[in-house]
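The residues of the chain are indexed from 1 along the displayed sequence. Ligands are counted one by one from 1 in listed order, and the atoms in each one are counted from 1 as well. What you see below is based on every heavy atom in this structure, not just the backbone, and it leaves out hydrogens, waters and symmetry mates.
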Amino acid sequence: MELMKLASKESSYWMIALPAVFGSQNLHDVSVLGYILLALVSLSVLTWALAGGGGGAWKNGRNRMGRVMIPGPRGIPVFGSLFTLSHGLAHRTLAAMAWSRANTEIMAFSLGSTPVVVASEPNTAREILMSPYFADRPIKQSAKSLMFSRAIGFAPNGAYWRTLRRIASTHLFAPRRILAHEAGRQLDCAEMVKALSAEQNGAGSVVLRKHLQLAALNNIMGSVFGRRYDPLSQKEDLDELTSMVREGFELLGAFNWSDHLPWLGYFYDSIRLKQRCSDLVPRIRTLVKSIIDEHRVSTSEKKTDMGDFVDVLLSLDGDEKLQEDDMIAVLWEMIFRGTDTTALLTEWTMAELVLNPSIQTKLRDEIVTAVSNSAYAEVADADLAKLPYLNAVVKETLRLHPPGPLLSWARLSTSDVRLSNGMVIPKGTTAMVNMWAITHDQRVWSDPLKFDPERFTGNDDVDVRGGDLRLAPFGAGRRVCPGKNMGLATVTRWVAELVRRFEWCQDQTEPVDLGEVLKLSCEMEHPLRAVVREMF
Ligand code: HEM
């Protein structure tokens, strides 16, 4: 299968690790510690051997609770599939494992002591994401340390989380609120176009990423905090914010071994996670608190539709009123969730348009026609949402390059969950949906590796907002991404303006490379560089 070459094979680390586990113990010489260690190792090996499919975390028949057993690889004793998945492109590795074992419905595996299942086809994905018993998320040490357990994404399903979602849906993500910040999006876009033009004139090509990252940060800072940064006059503040965001991304996205082997945390912390988190938290507190304090004293625009999200949070009363630390967590999370996703989705879209000039031209024609029929100098958000080809291009990018290929944040079962195929996922299991595997499966999509927006222009349109699990890059169910409309409004505007203002061509000295790197999200390994030619 052509796709199997794309997805990496499960590495055979166990071959290297086993001799190290079993070998070279001279029982005559070892100390008491040695005996204890040996006993522990033997116990782990025995547990692993008895556990069968799924590995050690699936011991005691956890994967045989239903009429049908949940299949899966054993991995190696103690570690399970940790070595295989702790590096590289986990979505491709998991897809290759699921395809080669024909375990696409669901596959069990162990990440150290964590039992995990992954769904790689739409039906089981739907059952997991829509189940009320999968409405919690497992929380990583870094997320806990960075206060995210009190923010929307990691708060356990319950009254507090429901209140946060309601507040955010009404005051930040509702269509009228997104519309209220349209002028800000236009401004960020105009600044980006100006900066790109200057860079092209000075350097002979442009590197898009840094411009998108600045626009994304300003977009979120504008609608959440009511603040935008000028890269020249506020360079120092902007540098501090950017460095905090970057550090947070790195800590949240890093694979932390002791999340899955808790005992390891006592003597091994390869990236100094604890120390770096406790260094970062006071910086976050100082910044966010200073913005909250500024809002407390300012009286203008408060509690009106034109206010920002900080104004809204400050105006809450009664049961809805949030403690200051909870406000800081909620506000800070928006920066994290809202900046990288929109920037990197736009970068992937533009990379595909550079590689597919005829699609780029067709898209430009659609946008130029829409502008000439509009009363304004550029198309409005409301019009952009109605441009079929533009939306098809963005959807096709979401299909080929889902920013969260494993839907970023996993789910946790709070009860035994019976699936329609007769399998039972036990309480306390981490569940992932491999959206990348679904969107690259030739049984689901014809010619899945081809960038072909036409597939969305006919009758076979697909709802990407969680209604159709063949393409659900924003997740689905009660924990579906609340920022999906804001994300799509931002990305379609940027793509429309970037294509309308410039022709995007390959830089022959550095051709487009679609290689990926998986961090908190999946981004281009080599930032897009292109030559742009102004259209007017
Ligand atoms: C292209 C843009 C985006 C993509 C692809 C994306 C993707 C996702 C995905 C896959 C999830 C997990 C959903 C699930 O478990 O079913 C999620 C959750 C979330 N997203 Fe987004 N997102 C995007 C933009 C945004 C923006 C702009 C914001 C906010 C400003 C945001 C805020 C959140 C939050 C708060 C959650 C957690 C929801 C919860 O657990 O209740 N996202 N997103």
Side-chain angles (χ1 to χ4, degrees), residues 91 119 125-126 128-131 134-139 143 148-158 160-169 171-174 177-178 181 185 212 215-225 252 308-309 329-349 394-395 397-399 401-412 430-436 438-439 464-467 469 471-495 520-523:
H91 51 292
R126 178 182 305 103
I128 289 175
L129 295 177
M130 307 300 269
S131 163
F134 271 111
D136 268 8
R137 295 192 198 277
I139 178 154
F148 281 102
S149 50
R150 298 295 291 172
I152 300 178
F154 284 110
N157 177 27
Y160 177 70
W161 170 76
R162 277 195 300 277
T163 306
L164 292 184
R165 281 253 353 179
R166 193 179 52 247
I167 296 168
S169 306
H171 301 290
L172 183 62
F173 299 123
R177 300 290 315 181
I178 297 175
H181 291 285
R185 272 192 296 282
L212 289 172
L217 199 62
N218 268 338
N219 180 38
I220 291 295
M221 290 302 287
S223 38
V224 175
F225 293 95
L252 269 184
D308 54 59
F309 196 46
V330 171
L331 293 166
W332 186 238
E333 177 186 49
M334 293 305 164
I335 300 184
F336 267 87
R337 294 299 304 172
T339 48
D340 71 328
T341 42
T342 45
L344 66 90
L345 178 58
T346 311
E347 191 182 25
W348 280 118
T349 311
V394 173
K395 278 184 189 176
T397 312
L398 280 164
R399 189 189 67 77
H401 310 286
L406 293 166
L407 296 190
S408 311
W409 293 346
R411 304 283 189 94
L412 184 70
T430 293
M432 297 196 260
V433 166
N434 192 343
M435 192 43 65
W436 185 91
I438 296 175
T439 61
V464 291
R465 293 162 209 248
L469 268 291
L471 180 54
F474 299 98
R478 60 180 71 186
R479 290 208 89 131
V480 66
C481 173
K484 53 191 190 294
N485 291 332
M486 184 192 263
L488 286 172
T490 309
V491 172
T492 41
R493 163 160 303 278
W494 286 346
V495 172
L520 195 53
S521 306
C522 188
E523 52 189 65

What's the spacing between L345 CG and T397 OG1 if we round to 0.5 Å?
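Reported value, rounded in 0.5 Å steps: 6.5 Å.
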Value rounded to 0.5 Å, distance of OG1 in T439 from CG in L469:
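The OG1 atom of T439 sits 12.0 Å away from the CG atom of L469.
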[X] side-chain N/O to [Y] backbone N/O, donor-acceptor pair under 3.5 Å:
{"X": "R177", "Y": "H171", "result": "yes"}
{"X": "E347", "Y": "L212", "result": "no"}
{"X": "N157", "Y": "D136", "result": "no"}
{"X": "R465", "Y": "K484", "result": "no"}
{"X": "W348", "Y": "C522", "result": "yes"}

Side chain, backbone, both or neither: R137 near ligand 1, heavy atoms under 4.0 Å:
side chain
What part of L345 sits under 4.0 Å from ligand 1 if we count only heavy atoms: the side chain, the backbone, both or neither?
side chain
For ligand 1, which atoms have a heavy atom of [X] less than 4.0 angstrom away?
{"X": "A476", "result": "16 (O)"}
{"X": "E333", "result": "35 (C)"}
{"X": "I220", "result": "30 (C)"}
{"X": "R411", "result": "14 (C), 15 (O), 16 (O)"}
{"X": "R165", "result": "38 (C), 39 (C), 41 (O)"}
{"X": "P473", "result": "5 (C), 7 (C), 10 (C)"}

Option from R337, R479, M432 for which side-chain contact (heavy atoms from CB on, under 4.5 Å) with W409 holds:
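Answer to the side-chain contact (heavy atoms from CB on, under 4.5 Å) test with W409 among R337, R479, M432: R337.
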Should R479 be counted as touching ligand 1, given the test is an N or O pair under 3.5 Å?
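Yes; the residue has a nitrogen or oxygen that sits under 3.5 Å from a nitrogen or oxygen of the ligand.
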Atom 21 (Fe) of ligand 1: protein N, O or S atoms that are less than 2.8 Å away, sorted by chain
C481 SG
In sequence, state the C-alpha distance, the side-chain angles, and the governing distance for T339 and M221, and then conclude on side chain to side chain contact (heavy atoms under 4.5 Å, CB included).
CA-CA 9 Å; T339 48; M221 290 302 287; over 6 Å; no
Residue-ligand contact [X]/ligand 1, heavy atom below 4.0 Å:
{"X": "M435", "result": "no"}
{"X": "G477", "result": "no"}
{"X": "F173", "result": "yes"}

Residues A431 and I128: closest non-hydrogen pair is CB-CG2, 3.9 Å
Restricting to non-hydrogen atoms, name the atom on R478 and the atom on A135 that form the minimum distance, rounded to 0.1 Å.
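Residues R478 and A135, closest heavy atoms: CD-CB, 3.5 Å.
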Return the closest protein heavy atom for atom 37 (C) of ligand 1 as residue, atom name and distance.
G153 CA, 3.5 Å
Do the ring planes of F148 and F336 sit parallel (below 30°), tilted (30 to 60°) or perpendicular (above 60°)?
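Correct class here is perpendicular.
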